[in-house]
Amino acid sequence: MKQAMIIVNPSSGKEDAVDYVEDIRSILTNKGYEVQVSQTEKELDATKYCQDACEKEFDLVVSLGGDGTLNETVNGMVDQQHRPKLGIIPLGTVNDFARAINVPLDPKKAIEILHSDNTRSVDIGRFNDRYFVNIIAIGSVAEAIYEVTPEEKTKFGPLAYMLEGFKTLTHQKEYPLKIEHGDQTWEGESFLFLAALTNSTAGFEKLTPEAEVNDGVLHCYIIKKVNMVRLSSIVTSILRGHLKDDDDVDYFTAQNLHVSSEEKLVTNVDGEEGDSLPVSIDVRPAHIEVIVE
């Protein structure tokens with residue numbers, strides 16, 4: 001009999017995640033799976049559960065939670081000798097990866113996709129010794145975003161990230177960055193640096209419209225030193241999906257990066273606090289199979 005694991009974060013989806021477990025179990029049982037439910041209680045539980053599923057050669061792992069739960073689940077799957085198919089039921093604040101791969105944000109509709117036998121190969125990013133599915137960000141706005149509390153996420157949704165980010169715009173600060181990719185090096189002052197795998201970031205589906213989930217590259221944006229007038233123009237470019245064309249933005253693609261700074265800077269990885277610089281980033285092309293419609 002095929003085996004499936006449901007990894008559920010009980011604090012996701014306004015704490016109603018467990019209400020969806022039986023619907024998922026029913027679908028998977030009817031498809032011939034023996035189902036195990038693993039409920040997270042603390043940080044990295046999802047990673048450990050997924051590693052266990054890989055070692056026992058499960059056929060499917062379903063992530064029931066937000067981007068944080070998904071990130072931890074993927075970290076337990078990447079580079080394993082056996083990698084199960086991945087099902088995604090988004091219950092978080094933003095659910096960027098679900099947006100990027102066209103999984104419905106309505107949990108009930110997303111659960112229905114588990115009836116499907118279709119999969120899509122997706123890229124995974126490596127960040128030092130961890131992995132990510134959406135984006136790496138470096139700069140004032142990036143540091144502000146991971147300070148958003150769970151309570152603020154529940155109350156304001158994606159708007160919480162915008163409100164926290166806009167607070168930083170009143171004291172724009174640029175940082176010295178050195179970005180090495182291939183045989184090229186960019187060095188200078190930057191307000192914000194982004195390295196994206198998908199087209200959705202903090203709920204903005206036009207931030208990186210060039211990015212595909214399986215194109216094998218990082219889409220990188222260096223937003224340079226700007227004043228408030230130019231910053232408003234950049235925000236407009238983001239909303240229109242034209243960020244790479246802005247005069248104060250350098251855009252390039254890369255398969256690997258090394259980012260360093262003379263100042264102590266902490267990164268933002270899929271919306272959570274990451275390692276301090278320097279960091280190395282690269283791509284695992286078409287590394288995981290995700291269930292899609």
Side-chain angles (χ1 to χ4, degrees), residues 1-12 17-18 20-92 95 97-98 101 103 110-111 113-134 197-198 213-214 216 269-272 274-275 280-292:
M1 180 176 283
K2 297 183 294 184
Q3 290 184 297
M5 177 183 289
I6 304 171
I7 299 177
V8 52
N9 179 351
S11 65
S12 292
V18 294
Y20 298 106
V21 170
E22 289 310 312
D23 289 340
I24 298 171
R25 189 201 298 271
S26 177
I27 291 173
L28 298 183
T29 299
N30 288 337
K31 286 178 66 70
Y33 287 96
E34 180 180 337
V35 180
Q36 174 181 323
V37 179
S38 299
Q39 187 167 303
T40 64
E41 296 178 354
K42 59 185 182 300
E43 188 177 2
L44 299 182
D45 273 355
T47 297
K48 295 174 184 176
Y49 294 147
C50 189
Q51 287 172 338
D52 185 57
C54 292
E55 291 169 3
K56 294 178 179 177
E57 298 190 354
F58 275 49
D59 301 278
L60 171 67
V61 168
V62 178
S63 173
L64 178 57
D67 285 333
T69 305
L70 176 62
N71 180 284
E72 284 196 12
T73 300
V74 166
N75 268 273
M77 187 180 295
V78 177
D79 286 343
Q80 296 289 336
Q81 186 173 352
H82 172 80
R83 294 188 292 277
K85 291 184 291 185
L86 177 64
I88 301 171
I89 312 301
L91 293 177
N95 305 302
F97 190 76
I101 204 165
V103 170
I111 289 171
I113 289 181
L114 296 177
H115 286 293
S116 172
D117 292 319
N118 299 326
T119 62
R120 186 177 182 185
S121 298
V122 301
D123 300 337
I124 299 298
R126 185 177 68 168
F127 171 80
N128 289 345
D129 59 351
R130 285 188 59 79
Y131 300 90
F132 65 100
V133 295
N134 284 311
L197 282 174
T198 73
V213 295
N214 56 4
V269 184
D270 285 348
E272 304 293 336
D275 296 343
S280 294
I281 309 168
D282 60 39
V283 181
R284 295 284 193 277
H287 196 68
I288 288 178
E289 296 289 324
V290 180
I291 295 178
V292 295

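Atom CD1 of Ile6 is separated from atom OG of Ser38 by 9.0 Å, given to the nearest 0.5 angstrom. In this structure, the separation between OG on Ser116 and CD1 on Ile27 is 11.5 Å, given to the nearest 0.5 Å. Interatomic distance, Leu44 CG to Cys50 SG, rounded to the nearest 0.5 Å: 12.5 Å. The distance from the OH atom of Tyr33 to the CG atom of Asp59 is 6.0 Å, given to the nearest 0.5 Å. Atom CG of Leu91 is separated from atom OG of Ser63 by 8.5 Å, given to the nearest 0.5 angstrom. Residue Arg83 holds its CZ atom at 12.5 Å from CD of Glu57, rounded to the nearest 0.5 Å.
Between the side chain of Tyr49 and the main chain of Gln39, a donor-acceptor pair closer than 3.5 Å is present. Looking at His82, its side chain does come within 3.5 Å of a backbone N or O of Phe58 through a donor-acceptor pair. No side-chain donor-acceptor contact under 3.5 Å links Lys2 to the backbone of Leu60. No donor-acceptor distance shorter than 3.5 angstrom exists from the side chain of Asn214 to the backbone of Asp123, with no hydrogens or angles considered. With Thr47 contributing its side chain and Glu72 its backbone, the two residues share a donor-acceptor pair below 3.5 Å. Between the side chain of Asp45 and the backbone N or O of Lys42 there is at least one donor-acceptor pair closer than 3.5 Å. Without hydrogens or angle criteria, Ser26 side chain to Glu22 main chain gives no donor-acceptor distance under 3.5 Å.
Looking at Asn71 and Arg130, their side chains come closer than 4.5 Å, going by heavy atoms from C-beta outward. By the 4.5 Å heavy-atom criterion applied to side chains, Val62 and Leu28 are counted as neighbours. Residues Asp79 and His287 are in side-chain contact: their nearest non-hydrogen atoms beyond the backbone lie under 4.5 Å apart. Contact check for Val122 versus Phe97: side-chain heavy atoms found under the 4.5 Å cut-off. Contact check for Val133 versus Thr198: no side-chain heavy atoms found under the 4.5 Å cut-off. You'll find the side chain of Leu114 reaches within 4.5 Å of the side chain of Ile89, heavy atoms only. Side-chain contact between Ile281 and Phe132 is present, with at least one heavy-atom pair separated by less than 4.5 Å. Glu272 has its side chain out of reach of Asp67: every pair of non-hydrogen atoms, C-beta onward, lies at least 4.5 Å apart.
Applying the side chain to side chain donor-acceptor pair (under 3.5 Å) rule to Thr40 yields no partners; only residues at least two apart in sequence or on another chain are considered. Take Lys85 and apply the salt bridge (Lys or Arg N to Asp or Glu O under 4.0 Å) test, not counting sequence neighbours, and it matches no residue.
Just one of Val8, Ile88, Asn9, Leu64 meets the side-chain contact (heavy atoms from CB on, under 4.5 Å) condition when paired with Thr69; it is Asn9.
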Practice task
Could you check Arg126 against Val78 for side chain to side chain contact (heavy atoms under 4.5 Å, CB included), going step by step and ending with a plain yes or no?
Solution key: CA-CA 9 Å; Arg126 185 177 68 168; Val78 177; over 6 Å; no

Problem - Test log, rule side chain to side chain contact (heavy atoms under 4.5 Å, CB included), inputs Leu86 and Val74 - result: CA-CA 9 Å; Leu86 177 64; Val74 166; 4.2 Å; yes

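Closest approach of Thr119 and Val292 over heavy atoms only: C-CG2, 4.0 Å. Closest approach of Gly65 and Asn95 over heavy atoms only: O-OD1, 4.2 Å. Contact record, Gly76 with Gln51: O-CG, 3.4 Å, taken as the closest heavy-atom pair. When every heavy atom of Val103 is checked against every heavy atom of Pro90, the shortest pair comes out as CG1-CD, 4.0 Å. Closest heavy-atom contact between Met5 and Asp52: CE-OD2, 4.3 Å. Nearest heavy-atom pair, Leu197 versus Gly125, reported as atom, atom and distance to 0.1 Å: CD1-N, 3.2 Å.
The environment of Glu34 atom CD is sparse: at most 12 non-hydrogen atoms of other residues, nucleotides or ligands sit within 6.0 angstrom.
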